[in-house]
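In what follows, chains carry the letters A, B, and so on, assigned in the order in which the sequence lines appear, proteins first and then strands, with residues in each chain numbered from 1.
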Number of protein chains: 2
Amino acid sequence: MKLNLTIQRKAVLDIVQHADDHPTAADVMDRLKSNGYAFAYGTVYNSLRYLTEVGLVKELKLGEAASRYDARTEDHHHIVCVRCGRVDEVTTELPADWLGKAAQETNYHVHHASVVLEGVCAACTAASSNE
Amino acid sequence: MKLNLTIQRKAVLDIVQHADDHPTAADVMDRLKSNGYAFAYGTVYNSLRYLTEVGLVKELKLGEAASRYDARTEDHHHIVCVRCGRVDEVTTELPADWLGKAAQETNYHVHHASVVLEGVCAACTAASSNE
DNA sequence: TATTAATTTATAATTATTATAAAATTAGAA
DNA sequence: TTCTAATTTTATAATAATTATAAATTAATA
């Protein structure tokens with residue numbers, strides 16, 4: 001299964017890789033339009049699915065309605081600002097012994113952990129202290 | 001704001017409290033029907049929202065399409081079996097110093113953490129070793 | 001080049017959920 | 001108790017995100 005990057009998939013990948021946020025499919029669509037592309041909505045979804053399957057992007061489900069996409073594919077966590085909705089990366093790894101405890105408690109074989117933190121980002125904290 | 005538990009809300013709460021899984025709104029609807037109730041779909045959603053607001057149930061967004069509901073309202077985490085979809089509780093608390101590290105890394109004020117683990121449950125592990 | 005396979009497109013369908021407005025129920029005041 | 005106001009339920013329509021479908025395009029292969 002060789003990598004098949006069509007023009008559409010390449011353009012979608014480019015958007016996700018150069019985003020400094022975590023765009024949704026709709027965000028990707030908008031940015032494609034700004035870059036002069038007019039792909040079908042289905043194509044954007046297909047491309048995101050394809051890119052996820054081949055491991056070039058990650059699909060994030062952070063509890064909002066829409067999935068977000070991330071080109072940082074190393075395993076990591078996320079933090080969401082409850083004020084402005086901004087999403088940032090958390091690269092600190094969960095301690096192995098905590099995972100061990102969870103496995104012990106549940107009798108599961110744990111494959112993967114994903115943490116979603118909620119809080120207030122620096123900008124929003126600053127903004128509220130100026131009120 | 002006194003608690004207003006209508007018949008409908010009480011019945012919904014009862015379903016969630018006596019479930020040993022984590023039912024979705026559709027699951028709750030089905031079980032209500034089995035118990036002889038025939039409420040409108042909107043009522044089930046309204047009831048779940050109401051019960052969530054007053055803190056009698058928790059809404060879980062575990063990355064599936066539909067929200068699940070949980071009557072265990074103390075803060076805890078969840079683990080999902082990738083084979084059978086079963087969801088279990090993880091009550092082991094995240095170490096405070098890990099949260100501290102995450103806060104430091106991101107410059108957020110962290111309010112809340114939710115972990116979703118993925119793995120294979122004991123039953124599925126047993127089943128696959130018998131193949 | 002002819003043929004097959006893969007992909008894109010436009011559109012319809014699906015799923016989970018929320019919104020709306022009328023009808024029913026409940027609560028509080030007169 | 002009776003009237004009125006507020007709340008809730010119901011039925012249905014609307015919405016949002018996503019997937020499915022089938023025809024049209026493009027690419028790959030024999």
Derivation of the side chain to side chain donor-acceptor pair (under 3.5 Å) call for A/S47 and A/Q8: CA-CA 7 Å; A/S47 299; A/Q8 291 78 347; over 6 Å; no

Let me know the distance between [atom1] of [X] and [atom2] of [N], rounded to the nearest Å.
X     : N     : atom1 : atom2 : result
A/E53 : C/dA6 : CD    : P     : 14 Å
B/L51 : D/dT8 : CG    : P     : 12 Å
B/L3  : D/dT8 : CG    : C1'   : 15 Å

Mark yes or no for whether B/Y50, through its side chain, and B/N4, through its backbone, hold a donor-acceptor pair below 3.5 Å.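 Present.
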
Donor-acceptor contact present, side-chain B/E118 to main-chain B/I79, <3.5 Å: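 No; judged by distance alone, with no hydrogens or angles, the pair does not exist.
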
Matching residue for A/H77 among A/V90, A/D88, A/L117, A/V116 - test: side-chain contact (heavy atoms from CB on, under 4.5 Å):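 Filter result, single survivor: A/V90.
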
For a quick check, with a 4.0 angstrom heavy-atom cut-off, what is the B/S/- contact string for nucleotides 7-21 of chain C, read 5' to 3'? SSB------SBB---

Do B/D27 and B/H22 get their side chains close enough for a donor-acceptor pair, meaning under 3.5 Å?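 No, because no side-chain N or O of B/D27 sits under 3.5 Å from a partner of the opposite role on B/H22.
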
